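Reading through the C-alpha cells given below for one structure.
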Amino acid sequence: MKEKLYTIPLNDAVNAQDECPFCYIERKVEQDLLDFCLGSSSSYMEADIRDMTDKAGFCRNHFQKMYTYGNTLGNAWILKTHYQRMVGEMQKTFEGFRPGKIARKKILHDKKTAANPISMWVQEKEDSCYICREFKETYARYLNTFFYLFKEDGEFREKIKNSKGFCLPHFGDLCTDADTRLNEKELKEFYDCVLPLMLENMKRVSEDVAWLVEKFDYRNKDADWKNSKDAIPRGMQKLKGGYPADPPYQMNK
C-alpha cells in the first residue's frame, strides 16, 4: 500500500523495532510540543499561543520537562501571563466563595452538590495541561491510523506480527478501541495477531531480565550477556510505557 503523509510516522515507529511503536510516537510528539512551546520558533511570544497555554496551564510532569528543556526567558514569559490569569481566576473564585457549615451527612451522601468551589477550581487546574491535551488529540489520530492500516494494508499487518508488540498501557488502549472500530471478522484477526504477540514478547523481556539477574552470579561472569544489558529500561517500558533511560530532552542551542 502506498504511504500517505499521515501514515509515515506510524510506519516509521513500527519499522524502528522498538518495544512499543506508540511509545516511540509519544516521545516524538512530546518533544515536538516542547520545541513548539519553548524552541527557537518562539511560539511563546505569540499572543494566541500564550492565550492557549495561559488557559490550559501545564501538569507537574510537563513543567518539570519544560524546566529541564531550558530557555529561561521562554519559561518566564509563559509563567508570567499564566500567573496573571491564575490570579484573576483565583480572585474571582474567592470573591464568590461563602464559607458555611455543611452537614456531614450531606457531604457523605451528596459529594457532588456539597463540593467546595475552591477545591473544585484547584482540581480543574490540576486536570488541565496544554501538552497533555495536544498529545491526547494527536494520539487519538494515530490510533485511527493504526486501525485503518491494520484493516487495509496487508504489509502493515505483517510488520505488526513481526514486531516486538506494545507496552501494556498502549496495548490496553488498542484493545479498547478495537472493540468499537473493527467488525467481528476484523476483531478476530486483530486478537489472533496481538494476543500471541504480546505473550511472546512479555516472555522475551521477562527472560532478558531474569538472565540479567543470573549474570550477577559469579559462575556466569564469563557468560554472554545475550540481550540483557538494557533489560531494566526495556522491562520498565514494557510494563508502563515511556523510556526510563532517556536523558532530559533539552533545547538545541
Side-chain angles (χ1 to χ4, degrees), residues 3-13 16 18 20-96 117-148 167 169-170 173 177 240-244 246-253:
E3 278 197 310
K4 300 177 182 178
L5 191 62
Y6 64 88
T7 67
I8 291 173
L10 184 53
N11 270 306
D12 287 347
D18 194 270
C20 175
F22 285 103
C23 284
Y24 186 94
I25 285 172
E26 184 177 59
R27 175 169 62 185
K28 180 65 168 65
V29 172
E30 184 179 64
Q31 289 175 351
D32 286 347
L33 285 167
L34 286 168
D35 288 336
F36 177 76
C37 289
L38 290 166
S40 56
S41 64
S42 299
S43 295
Y44 58 87
M45 293 300 293
E46 298 176 16
D48 58 332
I49 299 300
R50 215 162 57 249
D51 184 57
M52 290 189 286
T53 60
D54 288 346
K55 290 177 182 177
F58 298 90
C59 64
R60 181 189 298 189
N61 176 49
H62 284 122
F63 263 140
Q64 175 68 44
K65 291 185 177 184
M66 289 162 66
Y67 181 78
T68 57
Y69 179 87
N71 192 347
T72 300
L73 178 60
N75 274 302
W77 263 111
I78 288 170
L79 283 172
K80 176 187 173 182
T81 51
H82 180 54
Y83 258 97
Q84 289 171 349
R85 185 182 185 92
M86 290 285 283
V87 169
E89 288 187 15
M90 179 179 282
Q91 186 173 354
K92 186 177 179 180
T93 302
F94 287 2
E95 287 173 354
I118 295 176
S119 62
M120 288 175 66
W121 176 77
V122 172
Q123 189 59 53
E124 179 187 320
K125 302 298 128 184
E126 285 291 295
D127 294 339
S128 182
C129 173
Y130 176 79
I131 293 179
C132 287
R133 185 190 69 196
E134 292 296 309
F135 171 75
K136 185 177 180 180
E137 293 175 359
T138 305
Y139 177 46
R141 292 196 293 270
Y142 278 118
L143 286 174
N144 284 337
T145 303
F146 175 90
F147 286 107
Y148 166 74
C167 70
H170 289 135
D173 290 343
D177 277 28
K240 297 297 179 182
Y243 296 90
D246 270 6
Y249 182 64
Q250 296 182 317
M251 185 178 184
N252 186 14
K253 298 179 180 178

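Because the structure is a prediction, the values reported are computed rather than measured.
Between Leu38 and Met251 there is no side-chain heavy-atom pair separated by less than 4.5 Å. Side chains of Phe22 and Leu143 form a contact here, defined as non-hydrogen atoms less than 4.5 Å apart.
Asp173 meets the side-chain hydrogen bond (donor to acceptor under 3.5 Å, both in side chains) test with Tyr139; sequence neighbours excluded. Partners of Phe147 by ring-ring contact (aromatic ring centres under 6.0 Å, His included), not counting sequence neighbours, listed by chain and number: Phe190. Qualifying side chain to side chain contact (heavy atoms under 4.5 Å, CB included) partners for Leu79, counting only residues two or more places apart in sequence or in other chains: Phe63, Tyr83. Remark: Tyr243 pairs with no residue by the ring-ring contact (aromatic ring centres under 6.0 Å, His included) rule, at least two apart or across chains.
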Give the table of side-chain donor-acceptor pairs shorter than 3.5 Å for residues 88-96, with sequence neighbours excluded, one pair per line with atom names and distance.
unit_1	atom_1	unit_2	atom_2	d
Glu89	OE1	Trp121	NE1	3.0
Glu89	OE1	Lys125	NZ	2.8
Glu89	OE2	Arg85	NE	3.2
Gln91	NE2	Glu95	OE2	3.3
Thr93	OG1	Glu89	O	2.8

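Among pairs with a residue in residues 37-58, those fulfilling salt bridge (Lys or Arg N to Asp or Glu O under 4.0 Å) read Asp51-Lys55, at least two apart in sequence or across chains.
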*Go through Asp12 and Tyr24 one step at a time and tell me if the side chain to side chain donor-acceptor pair (under 3.5 Å) criterion holds.*
CA-CA 9 Å; Asp12 287 347; Tyr24 186 94; over 6 Å; no
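Classified by interplanar angle (parallel below 30°, tilted 30° to 60°, perpendicular above 60°), the ring pair Phe36/Tyr130 is parallel.
Formation of a donor-acceptor pair under 3.5 Å by the Ser43 side chain with backbone atoms of Cys37 is not found in this model.
Tyr44 and Asn75 form no side-chain donor-acceptor contact under 3.5 Å, judged by distance and modelled atom types alone.
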